[in-house]
Q: 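Here it is: the structure, laid out below.
Values below: all heavy atoms of this structure, side chains included; hydrogens, waters and symmetry mates excluded.
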Amino acid sequence: MKKALCTVIALSLFSAQALAHNFGSRTSTTILKSESVNSKSTAYDRGYSIMQSLNSKSSKDLRTMLKVHDDDIDPGSFKINYQEVTVREYSTGPGVMLYQAAVMVQYQYRVHDHD
């Protein structure tokens with residue numbers, strides 16, 4: 001009986017180790033840009049719209065939207081840490097002012113650690 005119990009415990013421990021996953025965390029930053037528009041306030045609105053879209057995405061959709069292609073990603077681990085909108089003002093000629101939102105996104109995700 002003792003021998004059988006020891007065997008069951010040993011198998012349980014081996015199975016638990018085999019199923020255990022070691023993950024490391026990665027943090028990255030990217031910039032998403034809107035199309036150019038004719039007013040600064042509209043550019044900010046477009047930037048806020050990008051932020052709102054990111055905040056409503058699932059982890060899987062964030063991976064696609066942020067274009068992360070690491071093979072060892074824990075698919076449910078994407079998390080946005082920080083977002084910020086800035087607007088760039090530029091001109092393509094005399095009297096032509098354009099504005100473009102840039103959303104800086106800092107995010108993190110887990111990857112399987114092979115060590």
Side-chain angles (χ1 to χ4, degrees):
M1 182 71 166
K2 250 184 174 181
K3 194 174 186 178
L5 183 59
C6 287
T7 303
V8 169
I9 290 171
L11 286 173
S12 297
L13 290 174
F14 176 75
S15 297
Q17 285 180 338
L19 295 174
H21 296 285
N22 295 323
F23 287 97
S25 182
R26 291 207 181 140
T27 300
S28 191
T29 302
T30 192
I31 296 176
L32 303 174
K33 296 180 180 179
S34 73
E35 70 281 0
S36 297
V37 293
N38 293 323
S39 84
K40 194 172 195 175
S41 65
T42 301
Y44 272 107
D45 288 343
R46 299 289 165 90
Y48 297 138
S49 178
I50 291 170
M51 287 173 70
Q52 185 177 25
S53 176
L54 286 169
N55 291 329
S56 69
K57 299 290 184 196
S58 69
S59 183
K60 179 182 174 184
D61 291 339
L62 279 174
R63 178 182 180 179
T64 302
M65 195 168 183
L66 297 170
K67 300 177 183 168
V68 180
H69 302 290
D70 196 326
D71 290 335
D72 295 330
I73 292 174
D74 174 4
S77 68
F78 272 83
K79 176 182 153 187
I80 295 174
N81 295 331
Y82 181 78
Q83 299 177 83
E84 175 181 294
V85 176
T86 58
V87 171
R88 178 175 73 104
E89 178 181 307
Y90 67 98
S91 177
T92 57
V96 180
M97 295 303 296
L98 295 170
Y99 303 87
Q100 183 180 40
V103 180
M104 189 274 296
V105 182
Q106 182 190 66
Y107 57 96
Q108 72 182 44
Y109 56 95
R110 293 185 317 171
V111 292
H112 182 70
D113 188 8
H114 294 286
D115 294 334

Q: Between S56 and S53, which heavy-atom pair has the shortest distance, and what is it?
A: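 Where S56 meets S53 most closely, the heavy atoms are OG-O, 3.0 Å.
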Q: If every non-hydrogen atom of T27 is compared with every non-hydrogen atom of Q108, which pair is closest and at what distance?
A: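 Residues T27 and Q108, closest heavy atoms: OG1-CB, 3.9 Å.
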Q: Looking only at heavy atoms, which two atoms of A101 and A43 are closest? And how far apart?
A: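 Heavy-atom minimum between the residues: CB-O, 3.1 Å.
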Q: Between S34 and Q100 (side chain of the first, backbone of the second, donor and acceptor by atom type, cut-off under 3.5 Å), is there such a pair?
A: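 Here the side-chain-to-backbone pair does not exist.
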Q: Assess the residue pair D74 and V111 against the criterion (side chain to side chain contact (heavy atoms under 4.5 Å, CB included)); give the C-alpha distance rounded to whole Å, side-chain angles, the decisive distance to 0.1 Å, and a yes or no.
A: CA-CA 6 Å; D74 174 4; V111 292; over 6 Å; no
Q: What's the separation between atom CZ in R110 and atom CZ in F78, rounded to the nearest 0.5 Å?
A: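 R110 atom CZ to F78 atom CZ measures 11.5 Å (nearest 0.5 Å).
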Q: Using side-chain heavy atoms (C-beta onward) and a distance below 4.5 Å, is K67 in contact with T30?
A: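 In short, these two side chains do not touch, never coming nearer than 4.5 Å.
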Q: Distance check, rounded to the nearest 0.5 Å: L32 atom CG versus M104 atom CE?
A: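 Answer for the CG-CE pair, L32 versus M104, is 11.0 Å.
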Q: Specify the closest pair of heavy atoms between L54 and L62, including all atoms of both residues, with the distance to one decimal.
A: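 Closest approach of L54 to L62: O-CD2, 3.5 Å.
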Q: Can you hop from L66 to V85 via hydrophobic side chains spaced under 4.5 Å?
A: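 Same cluster.
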Q: Quick check: closest heavy atoms across Y107 and V105, and the distance to 0.1 Å?
A: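 Taking Y107 first and V105 second, the nearest heavy atoms are CD2-O, 3.8 Å.
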Q: What do the steps show when you test T29 against Y82 for side-chain hydrogen bond (donor to acceptor under 3.5 Å, both in side chains), and what is the final call?
A: CA-CA 9 Å; T29 302; Y82 181 78; over 6 Å; no
Q: Could you tell me the separation between the NZ atom of K40 and the CZ atom of R88, rounded to the nearest 0.5 Å?
A: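 Between K40 NZ and R88 CZ, I get 13.0 Å after rounding to 0.5 Å.
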Q: Using side-chain contact (heavy atoms from CB on, under 4.5 Å) as the criterion, point out the one residue from T86, V37, V87 that pairs with Y44.
A: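 When side-chain contact (heavy atoms from CB on, under 4.5 Å) is applied between Y44 and each of T86, V37, V87, only V87 qualifies.
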Q: Could you please spell out the steps behind the side chain to side chain contact (heavy atoms under 4.5 Å, CB included) verdict for Q83 and N55?
A: CA-CA 10 Å; Q83 299 177 83; N55 291 329; 2.8 Å; yes
Q: Is it the case that the side chains of Y109 and S59 hold a donor-acceptor pair, with the cut-off being a distance below 3.5 Å and no angle test?
A: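 Judged by distance alone, the side chains do not pair up.
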Q: Quick one: closest heavy-atom pair of M51 and V103, and the distance?
A: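 That closest heavy-atom pairing would be CG-CG1, 3.6 Å.
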